[in-house]
Amino acid sequence: MRSGHLSVSASKLVLEIVLLVTGIHSNKEVAKKIKRPKFAVPQINCDVKAGKIINSEFMVKCPAGCQDPKYHVYGTGVYASYSSVCGAAVHSGVLDNSGGKILVQKVAGQSGYKGSYANGIQSLSLPRWRESFIISESKPQKGVTYPSTLTYSSAKNPAAQAGEATKAYEKPSITGTTTQPVTLTQALAIPVAEATHRTTSKPLAASVTSSPRPQPVGHRSQEMGLWSPTSYAGSQHSPGSHPGRVPEKPTGAAFQESWGSLESVPLDCKVDLSFLIDGSTNIGKRRFRIQKQFLADVVQALDIGPAGPLVGVVQYGDIPATQFNLKTHVNSQDLKAAIEKITQRGGLSNVGRAISFVTKNFFSKANGNRGGAPNVAVVMVDGWPTDKVEEVSRVARESGINVFFITVEGAAESEKQYVVEPNFSSKAVCRTNGFYSFNVQSWLSLHKTVQPLVKRVCDTDRLACSKTCLNSADIGFVIDGSSSVGTSNFRTVLQFVANLSKEFEISDTDTRIGAVQYTYEQRLEFGFDKYNSKNDILSAIRRVGYWSGGTSTGAAIQYALEQLFKKSKPNKRKVMILITDGRSYDDVRIPAMAAYRKGVITYAIGIAWAAQDELEVIATHPARDHSFFVDEFDNLYKFVPRIIQNICTEFNSQPRN
């Protein structure tokens with residue numbers, strides 16, 4: 001019996017082993033047949049910012065054409081997450097403008113992102129941002145799984161609308177006894193006072209809780225019954241506590257009397273004008289209606305038309321939105337009808353976000369921007385903004401936008417403690433000389449601002465911010481054509497001149513280019529008024545013939561002052577860029593001083609045998625910013641971005657008074 005039992009057990013064991021081996025073999029066969037799915041690298045557009053993607057590390061494929069300046073980049077090496085991912089990849093040199101795959105890794109935020117020009121992209125500086133990223137070649141790290149589908153921040157979240165993921169922080173309340181999570185939606189945290197500014201019937205924008213903050217004493221509230229006996233949207237105001245504050249329900253006769261009627265004033269006025277109107281909850285329905293009436297009166301006075309001013313409207317609250325662009329309505333009647341249909345958005349008074357939105361999106365050719373017309377943005381604010389405006393306004397100015405501010409019923413002395421950014425208006429406007437600012441004591445007196453505003457926006461000669469570092473100069477190249485240069489190197493110099501010229505906006509009303517070639521003698525190749533398009537300038541540069549001879553740099557500077565810069569326009573910055581490969585046979589000191597006295601900014605570029613001490617004499621002070629030396633002609637191209645950056649830095653550092 002025992003023998004039979006062992007035989008059966010042995011048979012079972014053999015069977016189990018056979019089944020096990022068969023199963024393993026079968027599994028191997030299945031594994032061979034099942035192919036692992038190939039990792040698909042997600043593709044993104046050029047305008048996608050890193051902050052809009054929640055993933056901390058990912059691979060993406062960028063399309064071609066991301067070198068376009070409209071895709072903004074901030075920083076060098078390490079980029080603020082407010083940057084275009086693909087634009088940063090081109091700037092860093094990981095990709096060229098034809099696109100391709102990259103690896104993106106999120107890192108901590110930084111202070112002081114430095115701007116630079118590289119690979120055809122001008123990266124901008126940024127004082128701080130809460131998140132950064134770095135770019136590298138698309139070589140996956142071992143053991144790291146990259147997402148085939150990216151996770152984007154929610155479009156319903158206000159922070160997502162700004163293209164940024166949000167992070168929650170704990171902040172003390174006004175009383176200091178409780179805490180509440182607050183979401184950061186911009187480069188800097190929103191100050192505590194902002195949470196309570198005039199809109200306590202709703203919590204701070206993007207807050208993760210719904211409970212309102214404690215009410216500070218003396219604060220403008222829609223719940224404390226300060227300005228009107230009539231409630232709207234759960235708010236009450238009583239008259240008398242704030243002199244001049246518009247009651248929410250004035251009688252129809254009083255309302256009509258306060259505004260009256262305005263006749264159209266024909267003006268020779270060609271501007272592209274954006275109105276940023278306050279649609280915050282705080283402004284209330286009646287004041288919002290007064291604001292629309294003011295806008296309609298301005299439109300009537302401007303006499304809208306294709307040959308004159310064009311107007312678009314952006315409304316802001318928590319987030320900005322375009323109501324209509326410059327080409328939507330091209331006569332006053334249609335514009336007034338469109339203004340009447342605008343409905344209030346509600347939310348906070350995020351003026352900074354609105355200015356940033358207009359800078360990046362509004363003044364484009366697709367939206368009707370005409371190029372030759374000055375760009376003007378008129379910002380209307382009830383009280384004060386609930387975010388910061390200084391940095392975004394600087395970018396707006398440097399982008400050629402003339403920012404005006406109309407502040408209605410600004411903060412009283414007792415309310416100034418709640419203002420997020422003191423002197424916000426002077427930090428935002430194009431110039432601080434009073435021309436761009438209006439402080440209106442009462443909404444009932446706003447109509448008195450119509451005519452002064454119309455006159456100012458149409459005074460195009462005084463719209464100082466229409467001028468940028470790239471569109472407001474007469475640039476004269478003074479080119480050494482001496483025998484030591486040689487034919488081949490001379491063509492390299494001309495390519496350098498062409499590369500610099502390409503960076504500017506060239507037309508008869510924007511930047512103009514002229515050129516002088518010299519040896520012992522001098523020759524005007526073409527003057528400022530000869531060509532008024534970029535293509536024509538580049539063709540003219542290619543046609544310049546090599547002269548050959550000696551090197552009289554001093555005489556060449558004097559010749560350029562008399563034959564080239566003498567015909568410069570009074571409103572243009574005069575920039576001379578002198579290129580030489582040797583020491584001058586004549587004195588350069590007196591001509592260089594003459595250039596300085598005539599207001600000509602001189603950049604001196606020396607090659608090979610040029611004398612460094614002579615370059616410093618020729619160049620405008622400080623010489624370290626205006627003189628450059630390169631050992632070989634073939635390395636000239638490396639100085640293009642630095643020269644452009646210095647020209648722009650110098651322009652943007654001009655006083656704003």
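What you see is a predicted model, and the numbers here were worked out from it, not measured in a lab. Only heavy atoms go into these numbers, but all of them, side chains included; no hydrogens, no water, no symmetry mates.
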K567: which residues meet the side chain to side chain contact (heavy atoms under 4.5 Å, CB included) condition with it, sequence neighbours left out?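 Per chain and number, K567 pairs via side chain to side chain contact (heavy atoms under 4.5 Å, CB included) with no residue.
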Side chain to side chain contact (heavy atoms under 4.5 Å, CB included) involving R583 - partner list, sequence neighbours excluded: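 R583 satisfies side chain to side chain contact (heavy atoms under 4.5 Å, CB included) with A611, D613, E614 only.
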Side-chain donor-acceptor pairs of residues 621-630 under 3.5 Å, sequence neighbours excluded:
from: H626; atom 1: ND1; to: T620; atom 2: O; distance (Å): 3.0
from: H626; atom 1: ND1; to: P622; atom 2: O; distance (Å): 2.9
from: H626; atom 1: NE2; to: E650; atom 2: OE2; distance (Å): 3.0
from: S627; atom 1: OG; to: A623; atom 2: O; distance (Å): 2.8

Less than 4.5 Å apart, side chain to side chain, heavy atoms only: is that true for [X] and [Y]?
X: Y117; Y: E503; result: yes
X: L463; Y: F404; result: yes
X: T359; Y: V392; result: no
X: I537; Y: F526; result: yes
X: D510; Y: F504; result: no
X: N119; Y: H91; result: no
X: Y637; Y: Q495; result: no
X: V351; Y: L276; result: no

Are E421 and V389 close enough, and set up right, to give a side chain to side chain contact (heavy atoms under 4.5 Å, CB included), and what steps lead you there? CA-CA 8 Å; E421 189 174 30; V389 302; 3.3 Å; yes
Rounded to the nearest 0.5 Å, what separation is found between the [atom1] atom of [X] and the [atom2] atom of [Y]?
X: Q645; Y: S116; atom1: CD; atom2: OG; answer: 7.0 Å
X: D529; Y: D508; atom1: CG; atom2: CG; answer: 10.5 Å
X: I647; Y: Y603; atom1: CD1; atom2: OH; answer: 5.0 Å
X: N489; Y: D581; atom1: CG; atom2: CG; answer: 8.0 Å
X: R462; Y: F435; atom1: CZ; atom2: CZ; answer: 4.5 Å
X: I134; Y: I102; atom1: CD1; atom2: CD1; answer: 11.5 Å

Output, in order, the C-alpha distance, side-chain angles, deciding distance and verdict of side chain to side chain contact (heavy atoms under 4.5 Å, CB included) for T511 and E505. CA-CA 6 Å; T511 290; E505 299 171 26; 5.6 Å; no
Carefully, step by step, assess S482 and D480 under the rule side-chain hydrogen bond (donor to acceptor under 3.5 Å, both in side chains). CA-CA 6 Å; S482 62; D480 184 348; 2.8 Å; yes
Using every non-hydrogen atom in the two residues, find where [X] and [Y] come nearest and quote the distance to one decimal.
X: F528; Y: G476; answer: CE2-N, 3.9 Å
X: A595; Y: T602; answer: CB-OG1, 4.1 Å
X: N402; Y: C430; answer: OD1-SG, 3.9 Å
X: I607; Y: F633; answer: CD1-CE2, 3.6 Å
X: L578; Y: I557; answer: CD1-CG1, 3.6 Å
X: L310; Y: G305; answer: CD2-O, 3.6 Å

Short side-chain donor-acceptor distance under 3.5 Å, S584 and T551: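 No donor-acceptor contact under 3.5 Å links the two side chains.
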Quiz question: by atom type and distance under 3.5 Å, do the side chains of Y113 and S132 form a donor-acceptor pair?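 Indeed, the side chains of Y113 and S132 share at least one donor-acceptor pair under 3.5 Å.
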Without swapping roles, check the side chain of [X] against the backbone of [Y] for a donor-acceptor pair under 3.5 Å.
X: N471; Y: T468; value: yes
X: N361; Y: F357; value: yes
X: S426; Y: T432; value: no
X: K502; Y: K534; value: no
X: S98; Y: A64; value: no
X: S399; Y: I401; value: no
X: T407; Y: N439; value: no
X: Y546; Y: G486; value: yes
X: K327; Y: A366; value: yes

Thinking salt bridges, do E390 and R394 make one under a 4.0 Å N-O criterion?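 No, E390 and R394 are not salt-bridged.
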Does any pair with a residue in residues 591-620 pass disulfide (SG to SG under 2.5 Å), and if so which ones, sequence neighbours excluded?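 Listed once each, the pairs would be none.
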Distance-only criterion, 3.5 Å: show the donor-acceptor pairs between side-chain atoms of residues 513-520 and protein atoms not counting sequence neighbours.
from: Q517; atom 1: OE1; to: W547; atom 2: N; distance (Å): 3.0
from: Q517; atom 1: NE2; to: E525; atom 2: OE2; distance (Å): 2.8
from: Q517; atom 1: NE2; to: G545; atom 2: O; distance (Å): 2.9
from: Y518; atom 1: OH; to: T553; atom 2: OG1; distance (Å): 3.0
from: Y518; atom 1: OH; to: T580; atom 2: OG1; distance (Å): 3.4
from: T519; atom 1: OG1; to: E521; atom 2: N; distance (Å): 3.3

R353 NZ/CZ over Y316 ring centroid, <6.0 Å and within 45° of normal: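 Because its charged atom misses either the 6.0 Å distance or the 45° angle limit, R353 does not stack over Y316.
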Cys pair C86/C66: SG distance under 2.5 Å?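 Judged by the SG atoms alone, which are 2.5 Å or more apart, C66 and C86 are not bridged.
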When you measure from the SG of C62 to the SG of C46, is the result less than 2.5 Å?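 A disulfide is absent here, as the SG pair of C62 and C46 is separated by 2.5 Å or more.
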Does the side chain to side chain contact (heavy atoms under 4.5 Å, CB included) test come out yes or no for L124 and H72, once each step is laid out? CA-CA 8 Å; L124 305 172; H72 296 293; 4.1 Å; yes
If you draw a 6.0 Å radius around CD in E562, do more than 12 non-hydrogen atoms from other residues or ligands fall strictly inside?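 Count over threshold, so yes.
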Check the pair S332, L302 against side chain to side chain contact (heavy atoms under 4.5 Å, CB included), reporting the backbone distance first and the verdict last. CA-CA 8 Å; S332 296; L302 282 171; 5.9 Å; no
Any pair counted as side chain to side chain donor-acceptor pair (under 3.5 Å), so long as it reaches residues 363-381, sequence neighbours left out: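 Of all non-adjacent pairs touching residues 363-381, those that pass side chain to side chain donor-acceptor pair (under 3.5 Å) are D272-R370, N325-N367, S364-N367.
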Give me the one residue out of R512, K598, K569, K572 that meets salt bridge (Lys or Arg N to Asp or Glu O under 4.0 Å) with D474.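 Going through the options one by one, the only one that passes is R512.
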